[in-house]
There are 2 protein chains.
Amino acid sequence: MPLPQTEMPGRLQAHFAERGIRMTSQRRAILRVMETASKHLDAAQILRKAQRLDSSVDRSTVYRTLRLLKRHGLIDELDLMHLNGEGHYYERRIGSDHIHMACLRCGKISEFVSASFERLKDQVEKDCRFHILVSRLEIGGYCAACRASQSQSAASPPAPPR
Amino acid sequence: MPLPQTEMPGRLQAHFAERGIRMTSQRRAILRVMETASKHLDAAQILRKAQRLDSSVDRSTVYRTLRLLKRHGLIDELDLMHLNGEGHYYERRIGSDHIHMACLRCGKISEFVSASFERLKDQVEKDCRFHILVSRLEIGGYCAACRASQSQSAASPPAPPR
DNA sequence: TTAAGTGCAAATATTTTGCTGTCAC
DNA sequence: GTGACAGCAAAATATTTGCACTTAA
């Protein structure tokens, strides 16, 4: 009886095993961090969290493992509009792609799943005869809350747009 | 008699004048580079080209000017799937957004304008009540040519997908 | 005149690499 | 046993900043 496709704990580790990729204590820690992360961690955060599980985890191992996960299409790399610095954020790839929206005023990141997005990608594949492996749609602007407060008051100091 | 809206040389400089932004010889050089660029320059390339027009242009001025242009929505910042290194690419914002597709095998960048993309953004604005200022859709995968050659021969050594 | 802009050098931030030793299989 | 993986330190890459001087408006 097949297990459900999404959110299964240990899915990343299972992937490694299936593909014959060697498992180490350090990788186990990093994979667990990625599996249990609620959202959008950058390399430094992943390092810190992984070190709590295995204090020997080194920064370079984090980068090497992230590269491995990326190459295998198991995680996605995001910019989130570079709201803080020039680094990248990572998230597990689960199910269908979603759009990331970053509020340039309050910094909130929201996500949006849209059938139109899937259709758009299908159109690209067909019209451009391009085989899509990764796709990233990131949007910057003002979220509903900030639009409201912005139009009413110039009182609360907005975070400067980058 | 009004000049055409697109591709008008000096358009960026005109923008600066309209908005009362101070013009300097260095900025003039950088703006000219952005205006005449065929495509997708990174900061180092912009620096080199600008220095040919005004040898005094410094790297920091390039970064400062790019930030200014970004803030004013006159250029877009791209990753192009980080095919070479972690830097960014810049292009003038002209007319409607386009999708960037990066071939992970041959490195070719292609572009695609799609009405569906515009509709998708409209949907996001409405459904999420989010006011979009910038959007970036980048796709990585295999272009038509590489799909063809890849399925037939393992002869030509593919550029490794990072 | 003077606020804004600049070059220069140094700092910061992020990611990668070389090397040598270790460990999973 | 051995090839893949690890830590460590140092390098490479990309971008930003502090400061004193210059310049556009």
Side-chain angles (χ1 to χ4, degrees), chain A residues 12-31 33 40-48 50-51 53-72 75 77-90 160-162, chain B residues 12-31 33 40-48 50-51 53-72 75 77-90 160-162:
Chain A
L12 289 180
Q13 294 186 42
H15 251 284
F16 269 41
E18 284 164 27
R19 310 198 192 192
I21 301 169
R22 197 168 288 188
M23 183 54 59
T24 64
S25 154
Q26 293 87 344
R27 285 185 176 170
R28 217 177 336 263
I30 295 167
L31 297 194
V33 168
H40 307 146
L41 303 174
D42 66 19
Q45 293 170 313
I46 294 166
L47 173 62
R48 241 179 302 121
Q51 283 179 331
L53 300 176
D54 176 343
S55 61
S56 80
V57 175
D58 186 74
R59 191 196 329 280
S60 31
T61 301
V62 168
Y63 280 108
R64 288 193 267 238
T65 304
L66 288 174
R67 204 189 319 179
L68 188 64
L69 288 164
K70 249 192 304 185
R71 268 210 310 269
H72 284 265
I75 59 171
E77 187 183 58
L78 310 168
D79 279 6
L80 302 183
M81 286 297 157
H82 293 304
L83 287 175
N84 312 291
E86 295 297 310
H88 294 112
Y89 296 84
Y90 300 90
R162 328 224 274 114
Chain B
L12 290 179
Q13 294 186 40
H15 252 285
F16 268 42
E18 284 164 26
R19 308 198 193 191
I21 301 168
R22 198 169 289 190
M23 183 55 58
T24 65
S25 154
Q26 293 86 344
R27 284 184 177 170
R28 214 173 341 259
I30 296 167
L31 297 194
V33 168
H40 308 144
L41 303 174
D42 66 18
Q45 292 170 314
I46 294 166
L47 172 62
R48 241 179 302 121
Q51 283 179 332
L53 301 175
D54 176 343
S55 62
S56 80
V57 175
D58 186 74
R59 191 196 329 281
S60 30
T61 301
V62 168
Y63 280 108
R64 289 192 270 235
T65 304
L66 288 174
R67 203 189 318 177
L68 187 64
L69 289 164
K70 250 191 307 185
R71 268 210 312 269
H72 284 266
I75 60 171
E77 187 183 59
L78 311 168
D79 279 6
L80 301 183
M81 285 298 159
H82 294 302
L83 285 176
N84 313 291
E86 295 297 310
H88 294 111
Y89 296 85
Y90 300 89
R162 320 239 269 112

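Just so it is clear: chains get the letters A, B, ... in the order the sequence lines come, proteins before strands, and each one is counted from 1. What you are looking at is a predicted structure, and each value in this text was computed from that prediction instead of being measured.
Of the two residues near DNA chain D, Arg64(A) and Ala43(B), the one whose nearest nucleotide lies more 5' is Arg64(A). Positionally, the nearest nucleotide of DNA chain D for Gly87(B) lies more toward the 5' end than for the other of Met23(B) and Gly87(B). Between Val57(B) and Arg22(B), the one whose closest nucleotide on DNA chain C sits nearer the 5' end is Arg22(B).
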Check against side-chain contact (heavy atoms from CB on, under 4.5 Å), Glu77(B) and Asp79(A): CA-CA 11 Å; Glu77(B) 187 183 59; Asp79(A) 279 6; 5.7 Å; no
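By the 30° and 60° cut-offs, the orientation of the rings of Phe16(A) relative to His72(A) is tilted.
Crowding of Arg28(A) atom CZ: a count of heavy atoms from other residues, nucleotides or ligands under 6.0 Å exceeding 12.
For the pair Tyr63(A) and dT16(C), the criterion of a side-chain N or O lying under 4.0 Å from OP1 or OP2 is not met. Between Arg27(B) and dT6(C) there is a side-chain N or O to OP1 or OP2 distance below 4.0 Å. Side-chain nitrogen and oxygen atoms of His88(B) include none within less than 4.0 Å of the OP1 or OP2 phosphate oxygen of dA14(D).
Atom CD of Gln45(B) is separated from atom P of dT13(D) by 15 Å (rounded to the nearest Å). One interatomic measurement links the two molecules: CD1 of Ile21(A) to C1' of dA6(D), which rounds to 17 Å at whole-angstrom precision. Here the C1' atom of nucleotide dA13(C) and the CG atom of Asp42(A) are 11 Å apart, to the nearest Å. Across the protein-nucleic acid pair, Glu86(B) atom CD and dT16(D) atom P stand 15 Å apart, rounded to whole Å. The interatomic distance linking His82(A) (NE2) with dA14(D) (C1') rounds to 11 Å, in whole Å. Rounded to whole Å, atom P of dA4(D) lies 15 Å from atom CZ of Phe16(A). Rounding to whole angstrom units, CG of residue Asn84(A) and P of dT15(D) are separated by 17 Å. The nearest whole Å value for the distance from the CG atom in Asp58(A) to the C1' atom in dT16(C) is 12 Å.
To the nearest 0.5 Å, atoms CG (Leu68(B)) and CZ (Arg27(B)) are separated by 5.5 Å. Considering OH of Tyr89(A) and CD of Gln45(A), their distance stands at 6.5 Å, rounded to 0.5 Å.
If you check distances only, the side chain of Ser60(B) does reach the base of dC8(C) with a donor-acceptor pair under 3.5 Å.
Minimum atom distance to the side chain of Gln26(A) is reached by dA6(D), of the listed dT16(D), dT16(C), dA6(D). Across dA3(C), dT15(D), dT6(C), the shortest atom-to-atom separation from the side chain of Thr24(B) is found for dT6(C).
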